[in-house]
**Student:** 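The structure that follows is given in the form of structure tokens.
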Amino acid sequence: MIALSAHLGTLFGELAPLERPAAARAAGFDAVEAWWPPADDPGEWIAAVRRAGVTAVLVNADGGDLAAGERGFCNVPARGDDVVAAAVAAARVVRACGGEVVNLLVGRDDGGRAPREQLDVARGVVREAADEVARLGARIVVEHLNDRDVAGPLLPTPAAAAAFVRSVRHEGVEVLLDAYHAARMGLDPATEAVALGSLIGHAQFADHPGRGAPGTGRLDRDAFVAALARAGYGGHVGLEFVPAGPTAAALAGLGARA
């Protein structure tokens with residue numbers, strides 16, 4: 001059965017990072033996920049997750065300074081080794097917390113080379129990273145990012161992410177389907193879920209417009225989850241929304257089951 005996970009990069013932001021796993025557990029979640037770094041000391045974050053009795057189902061590899069607009073470097077030839085090392089570091093954290101999924105951001109158009117050339121570079125780097133994290137029992141997902149909020153993402157739609165994943169040709173690389181990013185591009189997340197089918201390795205949800213809690217926008221969370229189930233997906237849907245106030249109030253009535 002599909003269940004919800006609490007994304008600790010956006011939820012419980014009123015608390016220190018090491019306090020968020022326990023807060024998620026108190027709110028009824030048995031699964032969490034996080035951006036990188038999940039805390040100043042990832043080792044302490046692992047301990048906090050374990051103490052809380054939750055599983056970290058997904059951890060992002062280091063994609064740079066997100067606040068400054070960076071979204072990964074798989075397309076940068078000189079950064080290949082850095083990307084692989086970041087994926088391995090995230091894999092070690094997520095495996096220590098009972099999960100297995102690493103979100104590896106592919107990158108933004110650098111404006112100096114053709115996107116096809118950049119994707120060719122990214123393809124090889126992602127394949128190498130997938131080989132390395134597989135040795136740890138982890139797998140990689142790549143996320144599509146809308147081009148309204150992020151300037152020049154190389155994978156702006158679920159279809160673009162799917163085409164990239166198919167071209168990587170590695171069983172340990174799948175798509176992270178994000179309902180908000182899809183809707184921001186004018187797409188129906190449920191339709192995209194059915195189209196992606198078995199390529200879906202993880203899913204995330206925030207309402208649109210506004211990236212708020214389910215019920216604050218126009219997206220139908222239940223329809224999205226039902227479409228994921230029809231596509232054969234049985235994992236977690238990460239709630240990666242930005243609460244308008246205290247997280248507990250935003251979560252009231254949602255529950256931890258999809």
Side-chain angles (χ1 to χ4, degrees), residues 1-13 15 17 20-21 23-25 27-39 45 49 52 54-61 63 66 71-72 90-91 93-95 97-105 138-146 149-150 158 161 174-184 189-190 192-193 196 199-208 210-217 219-229 231 233-243 247 250-251 254-258:
M1 176 182 289
I2 295 174
L4 300 176
S5 55
H7 200 303
L8 304 184
T10 60
L11 303 186
F12 305 104
L15 302 176
R20 295 174 195 173
R25 182 62 176 175
F29 293 93
D30 59 14
V32 299
E33 49 197 81
W35 296 327
W36 185 271
W45 190 78
V49 169
V54 294
T55 297
V57 294
L58 175 145
V59 172
N60 276 30
L66 301 185
R71 292 297 187 277
V93 170
V94 78
R95 293 297 292 141
C97 296
E100 62 177 28
V101 184
V102 173
N103 183 18
L104 185 58
L105 300 176
R139 55 189 171 88
I140 282 174
V141 292
V142 295
E143 182 178 7
H144 56 98
L145 303 172
N146 78 80
D149 296 342
V150 178
E174 298 166 302
V175 175
L176 192 167
L177 176 60
D178 187 292
Y180 169 78
H181 285 300
R184 193 81 169 98
E192 297 303 310
L196 289 182
L199 289 178
I200 303 171
H202 191 70
Q204 292 176 337
F205 186 92
D207 216 331
H208 177 269
R211 200 166 187 169
T216 60
L219 294 186
D220 187 332
R221 186 196 69 175
D222 292 341
F224 179 59
V225 171
L228 288 169
Y233 179 71
H236 287 80
V237 174
L239 292 179
E240 196 186 19
F241 65 84
V242 180
T247 301
L251 290 170
L254 292 182
R257 305 302 299 182

**Student:** Mind checking what makes side chain to side chain contact (heavy atoms under 4.5 Å, CB included) contact with Ala227, not counting sequence neighbours?
**Tutor:** Ala190, Ala193, Val194, Arg230
**Student:** Is the closest side-chain heavy-atom distance between Leu239 and Leu11 below 4.5 Å?
**Tutor:** yes
**Student:** Would you check if Val237 and Leu228 make a side-chain contact, meaning some heavy-atom pair closer than 4.5 Å?
**Tutor:** yes
**Student:** Mind listing the closest non-hydrogen atom pair of Val94 and Ala56 along with its distance?
**Tutor:** CG2-O, 3.2 Å
**Student:** For a quick test of reading the model, state the closest non-hydrogen atom pair linking Ala206 to Glu240 and the distance between them.
**Tutor:** CB-O, 3.7 Å
**Student:** Can you sort out the partners of Trp36 under ring pair (Phe, Tyr, Trp, His ring centres under 6.0 Å), two or more places apart, ordered by chain and number?
**Tutor:** none
**Student:** Nearest 0.5 Å, what's the CG-NE2 distance between Leu177 and His202?
**Tutor:** 10.5 Å
**Student:** Report the distance from atom NE2 of His7 to atom CZ of Phe241, rounding to the nearest 0.5 Å.
**Tutor:** 12.0 Å
**Student:** Closest heavy-atom contact between Leu196 and Pro158?
**Tutor:** CD2-O, 3.8 Å
**Student:** Do His181 and Leu145 come close enough that some side-chain heavy atom pair is under 4.5 Å?
**Tutor:** yes
**Student:** By ring pair (Phe, Tyr, Trp, His ring centres under 6.0 Å), which residues pair with His236, not counting sequence neighbours?
**Tutor:** none
**Student:** Return the CZ to CG distance between Arg139 and Leu58, rounded to the nearest 0.5 Å.
**Tutor:** 9.0 Å
**Student:** Which heavy atom in Asp207 sits nearest to a heavy atom in Gly215, and how many Å separate them?
**Tutor:** OD2-N, 2.9 Å
**Student:** In the structure I gave you, are the side-chain heavy atoms of Val225 and Phe205 within less than 4.5 Å of one another anywhere?
**Tutor:** no
**Student:** Donor-acceptor pair, Arg20 side chain versus Leu15 backbone, under 3.5 Å?
**Tutor:** yes
**Student:** Rounded to the nearest 0.5 Å, what separation is found between the CZ atom of Arg95 and the CD atom of Glu100?
**Tutor:** 6.5 Å
**Student:** Within the 4.5 Å heavy-atom criterion, are Val57 and Val101 side-chain neighbours or not?
**Tutor:** no
**Student:** So Arg25 and Asp30, do their side chains get closer than 4.5 Å, heavy atoms only?
**Tutor:** yes
**Student:** Does Arg184 come within less than 4.0 Å of Asp149, counting only side-chain N to carboxylate O?
**Tutor:** yes
**Student:** Under a 4.5 Å cut-off applied to non-hydrogen side-chain atoms, are Phe12 and Leu251 in contact?
**Tutor:** yes
**Student:** Do Val59 and Trp45 make a side-chain contact, defined as non-hydrogen atoms from C-beta onward lying under 4.5 Å apart?
**Tutor:** yes
**Student:** Which heavy atom of Trp35 sits nearest a heavy atom of Asn60, and at what distance?
**Tutor:** CD1-ND2, 3.5 Å
**Student:** Which value, rounded to the nearest 0.5 Å, describes the distance between Asp178 atom CG and Gln204 atom CD?
**Tutor:** 5.0 Å
**Student:** Looking at Pro189 and Ala179, what are the two nearest heavy atoms and their distance?
**Tutor:** CG-O, 3.4 Å
**Student:** Quick check for you: to the nearest 0.5 Å, what is the distance between Thr216 atom OG1 and Leu219 atom CG?
**Tutor:** 9.0 Å
**Student:** Show the numbers, then the answer: is there a side chain to side chain contact (heavy atoms under 4.5 Å, CB included) between Leu105 and Leu66?
**Tutor:** CA-CA 11 Å; Leu105 300 176; Leu66 301 185; 4.2 Å; yes
**Student:** What residues, two or more places apart in sequence or in another chain, satisfy ring pair (Phe, Tyr, Trp, His ring centres under 6.0 Å) together with Tyr180?
**Tutor:** His208
**Student:** What residues form a side-chain hydrogen bond (donor to acceptor under 3.5 Å, both in side chains) with Glu143, not counting sequence neighbours?
**Tutor:** Asn103
**Student:** Taking side chain to side chain contact (heavy atoms under 4.5 Å, CB included) as the test, write out the residues that go with Ala161, two or more places apart.
**Tutor:** His144, Leu155, Val175
**Student:** Apply the test side-chain hydrogen bond (donor to acceptor under 3.5 Å, both in side chains) to residues Ser5 and Glu33: give CA-CA distance (whole Å), side-chain angles for both, the deciding distance (0.1 Å), then the verdict.
**Tutor:** CA-CA 7 Å; Ser5 55; Glu33 49 197 81; 2.4 Å; yes
